[in-house]
2 protein chains.
Amino acid sequence: MVTKAANIQEVKCPVTGMLQLIGGKWKPIILYCLRSETRRFGEISARIPILSRKVLTEQLKELERDGLVIREQFNEIPPRVEYTLTELGKSLTPVLNEMEKWGMENIIAKR
Amino acid sequence: MVTKAANIQEVKCPVTGMLQLIGGKWKPIILYCLRSETRRFGEISARIPILSRKVLTEQLKELERDGLVIREQFNEIPPRVEYTLTELGKSLTPVLNEMEKWGMENIIAKR
DNA sequence: GTAACAGGTTACCTATTGGTAACTGAGAAA
DNA sequence: TTTCTCAGTTACCAATAGGTAACCTGTTAC
């Protein structure tokens, strides 16, 4: 009988644990997009056009909940919302850099 | 109007391109499991018990199709099947290492 | 004669993901 | 007066992911 890990606390494998935080289809791309600078919601959306705004909202909420990004809302008209990586989010930079490098060498360079 | 990238050829972002190959919920874990050595199907399954064998089969097929692993079948009774990383699969090692390191430092070490 | 072995496949079902379209808010521009 | 702005929210629907259980192969051990 297979016993499932009920939540992240129980996972012993570092890669599995990590994937529970950023394993979504979109999260690495969003983090990659925020890697160098603070960005507004609309900016992120424009940079990842294949991602619907509804899903982007959901993913950003989860990233905020998990302590990887900070959401700052300015009470202006029209509204402005900015997203920035936290220290934990920034600590993912080496991972994202390796992913970028691999993608460059093995996908982008091959066409 | 949003135009979707119909397939991997059209993607310009290296991270997006990479995620189309290994972006599944399980693929990084499977590759991580194969990182150091050739393993039999049952071994992989035992090491990732929360993953059903049906899904493992599917994921391995996709990884083989995408040129990341090699499947070797021995016509013995009972059958034996071994999976090994290809050169392309091995080239992911730095990414997997960074993921492991981050998971160790930021998830495993915090309990 | 039937159960176990390894590595699946298949049928069937549910859960999760993700899409579109319509709507919200206050102010500013036409 | 209507429309536009930005950053969502909501309702609803479709597609995908993933689960369980039963079955397959041919040989060997009980």
Side-chain angles (χ1 to χ4, degrees), chain A residues 1-8 11 16 19-30 33-34 37-66 69-84, chain B residues 1-8 11 16 19-30 33-34 37-66 69-84:
Chain A
M1 172 92 141
V2 170
T3 303
K4 288 201 189 185
N7 57 46
I8 196 172
V11 174
T16 303
L19 288 174
Q20 298 200 340
L21 278 188
I22 64 151
K25 196 167 167 183
W26 303 109
K27 285 179 188 168
I29 305 177
I30 296 170
C33 180
L34 290 173
E37 35 196 318
T38 293
R39 289 196 194 280
R40 298 180 62 170
F41 181 85
E43 261 183 292
I44 305 172
S45 186
R47 282 171 174 268
I48 317 175
I50 62 174
L51 176 58
S52 74
R53 297 192 312 160
K54 184 195 121 188
V55 173
L56 178 56
T57 303
E58 287 167 1
Q59 300 291 305
L60 283 168
K61 265 187 195 161
E62 289 182 19
L63 288 171
E64 194 195 2
R65 182 201 63 198
D66 294 336
V69 308
I70 292 165
R71 179 181 187 276
E72 260 188 303
Q73 185 174 339
F74 300 86
N75 290 319
E76 305 169 358
I77 299 296
R80 182 158 60 103
V81 180
E82 289 184 352
Y83 293 90
T84 314
Chain B
M1 169 86 146
V2 170
T3 303
K4 288 200 188 186
N7 57 45
I8 196 172
V11 173
T16 302
L19 288 175
Q20 297 198 342
L21 279 188
I22 65 151
K25 196 167 167 182
W26 302 110
K27 284 179 187 167
I29 305 177
I30 296 170
C33 180
L34 290 173
E37 36 197 316
T38 293
R39 291 197 192 280
R40 300 178 61 169
F41 180 85
E43 261 183 292
I44 305 171
S45 186
R47 281 171 175 267
I48 319 176
I50 62 173
L51 176 58
S52 74
R53 296 195 310 160
K54 183 195 122 188
V55 174
L56 178 54
T57 303
E58 287 168 0
Q59 300 291 304
L60 284 168
K61 264 188 196 158
E62 290 184 18
L63 288 171
E64 194 196 1
R65 182 200 64 197
D66 294 336
V69 307
I70 292 164
R71 179 181 187 276
E72 259 187 304
Q73 185 173 340
F74 300 86
N75 290 319
E76 306 170 356
I77 299 296
R80 182 158 59 102
V81 181
E82 289 184 351
Y83 293 91
T84 314

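Protein chains get the first letters and strands the later ones, always in sequence-line order, with residue 1 at the start of each. Computed from a predicted model, the values in this text were never measured in an experiment. Computation of the quantities below employed the complete heavy-atom set of this structure, encompassing side-chain atoms and omitting hydrogens, waters and symmetry-equivalent molecules.
- Not counting sequence neighbours, A:Glu72 has no partner by the side chain to side chain donor-acceptor pair (under 3.5 Å) test.
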Quiz item: What is the per-nucleotide protein-contact pattern of nucleotides 2-17 of chain C, from the 5' end, where B denotes a base atom under 4.0 Å from a protein heavy atom, S denotes such proximity for sugar-phosphate atoms only, and - denotes neither?
Solution: ---BBBBSBB------
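- Distance CG (B:Asn75) to C1' (D:dT25): 11 Å, rounded to an integer number of Å.
- With axes fitted over five pairs at each extremity, the angle between the ends of the helix from C:dG1-D:dC30 to C:dA30-D:dT1 is 30° (10° resolution).
- Distance CG (B:Leu56) to P (D:dG18): 12 Å, rounded to an integer number of Å.
- Spacing between atom CD of A:Gln73 and atom P of D:dA7 amounts to 10 Å, rounded to whole angstrom units.
- By the side-chain contact (heavy atoms from CB on, under 4.5 Å) test, B:Glu37 pairs with B:Arg39, sequence neighbours left out.
- In terms of the side-chain contact (heavy atoms from CB on, under 4.5 Å) criterion, residue partners of B:Thr38 (sequence neighbours excluded) are, by chain and number, B:Glu82, B:Thr84.
- Distances shown here put a side-chain N or O of B:Ser52 below 4.0 Å from the OP1 or OP2 atom of D:dG19.
- Residues that satisfy the side chain to side chain donor-acceptor pair (under 3.5 Å) test with A:Lys27, not counting sequence neighbours, are A:Glu62.
- If you take CD1 of B:Ile29 and P of D:dG18, they are 11 Å apart, rounded to a whole angstrom.
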Side chains of residues 47-59 of chain B: which donor-acceptor partners sit under 3.5 Å, not counting sequence neighbours?
residue, atom, partner, partner atom, Å
B:Ser52, OG, B:Val55, N, 3.4
B:Thr57, OG1, B:Arg53, O, 2.8

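- Remark: A:Glu64 engages no residue in a side chain to side chain donor-acceptor pair (under 3.5 Å) (not counting sequence neighbours).
- Across the protein-nucleic acid pair, B:Gln59 atom CD and D:dT16 atom P stand 15 Å apart, rounded to whole Å.
- Side chains of B:Arg71 and B:Val81 form a contact here, defined as non-hydrogen atoms less than 4.5 Å apart.
- Atom-to-atom distance recorded for A:Tyr83:OH and A:Leu60:CG is 4.5 Å, nearest 0.5 angstrom.
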